[in-house]
Protein chains: 2
Amino acid sequence: MARKAAYHHGDLRRALLDAALAQVEDEGVAALSLREVARRAGVTHQAPYHHFADRAALLGALAAEGFGLLLRSMQTAQAAVKSGARARLVAAGKGYIDFALAHPGHFRLMFRPELHQGAQVPEGGAAYQVLVDSVAAAQAAGEAPGGPPGALVTLCWSVVHGFALLWLDTQLSTETTRKDAQAGTLAMLDALLAGAAPGAGSGTKRR
Amino acid sequence: MARKAAYHHGDLRRALLDAALAQVEDEGVAALSLREVARRAGVTHQAPYHHFADRAALLGALAAEGFGLLLRSMQTAQAAVKSGARARLVAAGKGYIDFALAHPGHFRLMFRPELHQGAQVPEGGAAYQVLVDSVAAAQAAGEAPGGPPGALVTLCWSVVHGFALLWLDTQLSTETTRKDAQAGTLAMLDALLAGAAPGAGSGTKRR
DNA sequence: GCCGCGATGTAGACGCTGTCAAGTTGGACC
DNA sequence: GGTCCAACTTGACAGCGTCTACATCGCGGC
């Protein structure tokens, strides 16, 4: 509920977050300064300190919102899939990568804990839980290999997280288009999970 | 060749790189300032500018050295394995993760291109080539699944890159020890590659 | 042998940053 | 209508990267 603000400015906290996010997305988090954010919001350089303890607190709030968006992106991608348990797992990964590539600055910020000293984010846990549940469901359905679920969760997370950052931070880009690379990687992951699954299970897509 | 320096200071360029690396490792790259580096090296705040055009150039040189170390770590890990082609591929991944977890600040810096504007690094290409060759060898030996080699390369790279960064940047750490998590993830990767391989191939380790 | 000159390092300044301290404004409530 | 406190402003400080100008060291040509 909150119902704060609407004093002088209207909702400065929101305006600051929006301005900061815009700056993070087009200049990168390293180039973000509180004074520039304040300037964009049309207030003095000290006004932000009435809403955020310091720079890290603002970035922490931004990161928290990011995890909410990440969770929704994963859920949206999963909702588009009805078929199998493994397909839903792969779809969650697609949602993860979609978000990361659509909001590079935001995504990178979220995984830079030194910038927002340990801002705890429940949505982060929720997004992780989506992954854990999807892996468990795929294993239960015999559509993914057995073995320790934790290791499989970590591997799937590593694949999508690593792919997103490699695409954003390296010259990987030169090879193909983004959509092709993403689809190719996810199809390979699907095939590996299918191939090593206890049940037979044909790969969902094979060309 | 080279044989520069040894004028006033001895080898200030080397000293600056060492000081910067030390600071990156214990404070993080965000906390690195040229002035502090100069202070550690015992020179004035302007001296570094005779060896590096600006902050980005120093970080670029540091990143370049990092890729050399990464390459060596991968080669060392591979050299310890004689057996199969897939085992050598997994070993390269182990070397990758080993380096990342042993030198977190250095590793993160290497994959933050906005900090060292496009400093081109041949060692980076060489490390990538090790991966490409290992994947090709494993496929040729029938110890890894077929399909487009590019997709498999990207997936393997994503796994180790993603794992390293997740381990460093999230609270993943709470679950198990580093060695266990790393070994578990690599074993799972090995099993997936084995399970989906055209040839039979039993997983190297299964418990 | 010495001398000039470029490579190396110093000194000071500028505008930028994050943050601390103190003053001002204006809506909400009694 | 008066009071209070959150929201915001103003001003200051140290530290940062980088620019310009100056000092010093030692090698190569005469």
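Lettering follows sequence order; numbering is per chain, from 1. FYI, side chains are in, hydrogens and waters are out, and symmetry mates aren't considered; it's all heavy atoms of this structure.
Considering only side-chain atoms of A:Ser33, the nucleotide from C:dG9, D:dG11, C:dG18 that sits closest is C:dG18. If you check D:dT9, C:dA13, C:dG18 against the side chain of A:Arg55, the one that comes closest is C:dG18. In this structure, the nucleotide among D:dC8, C:dT19, C:dG9 sitting nearest to the side chain of A:Leu12 is D:dC8. Picking from C:dG18, C:dT10, D:dT18 the nucleotide with the shortest atom distance to the side chain of A:Tyr49 gives C:dG18.
For A:His103, the ring-ring contact (aromatic ring centres under 6.0 Å, His included) criterion is met by A:Phe99, not counting sequence neighbours. Evaluation of the side chain to side chain contact (heavy atoms under 4.5 Å, CB included) rule for A:Ala77 yields no partner, not counting sequence neighbours. By the ring-ring contact (aromatic ring centres under 6.0 Å, His included) test, B:Phe111 pairs with B:Phe67, B:Phe107, B:His161, sequence neighbours left out.
Nucleotide D:dG17 holds its C1' atom 12 Å from the CG atom of B:Leu32, rounded to whole Å. The separation between B:Leu115 atom CG and D:dG17 atom C1' is 14 Å, rounded to whole Å. Atom-to-atom, CZ of B:Phe52 to C1' of D:dG17 comes out at 16 Å; the value is rounded to the nearest Å. Between A:Leu58 atom CG and C:dT19 atom C1' the separation is 14 Å, expressed in whole Å. Note: CD (B:Glu27) to C1' (D:dG15) measures 15 Å, nearest angstrom. In this entry the distance linking CG of A:Leu16 with P of C:dG18 reads 13 Å, nearest Å. Spacing between atom CG of A:Leu34 and atom P of C:dC20 amounts to 12 Å, rounded to whole angstrom units.
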Under-3.5 Å N/O pairs linking protein and nucleotides 21-24 of chain C:
none

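A salt bridge does not link B:Lys94 to B:Asp190: none of the charged side-chain nitrogens sits closer than 4.0 Å to a carboxylate oxygen.
Heavy atoms of A:Arg35 sit under 4.0 angstrom from at least one base atom.
Side-chain N/O atoms of A:His51 include one lying less than 4.0 angstrom from OP1 or OP2 on D:dC8. Regarding contacts with the backbone of C:dC16, every side-chain N or O of A:Arg39 stays at 4.0 angstrom or more from both OP1 and OP2.
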Identify all side-chain donor-acceptor contacts of residues 32-46 of chain A below 3.5 Å with residues at least two apart in sequence or on another chain.
from	atom 1	to	atom 2	distance (Å)
A:Ser33	OG	A:Glu36	N	3.0
A:Glu36	OE1	A:Arg39	NH1	2.5

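Taking the six-membered ring for Trp and the full ring otherwise, the centers of A:Trp157 and B:Phe163 sit at least 6.0 Å from each other.
For a distance-only test at 3.5 Å, the side chain of A:His45 qualifies as a donor-acceptor partner of the base of D:dG11.
Residue pairs meeting the ring pair (Phe, Tyr, Trp, His ring centres under 6.0 Å) criterion with at least one partner in residues 19-38 of chain B, sequence neighbours excluded, do not occur; the list is empty.
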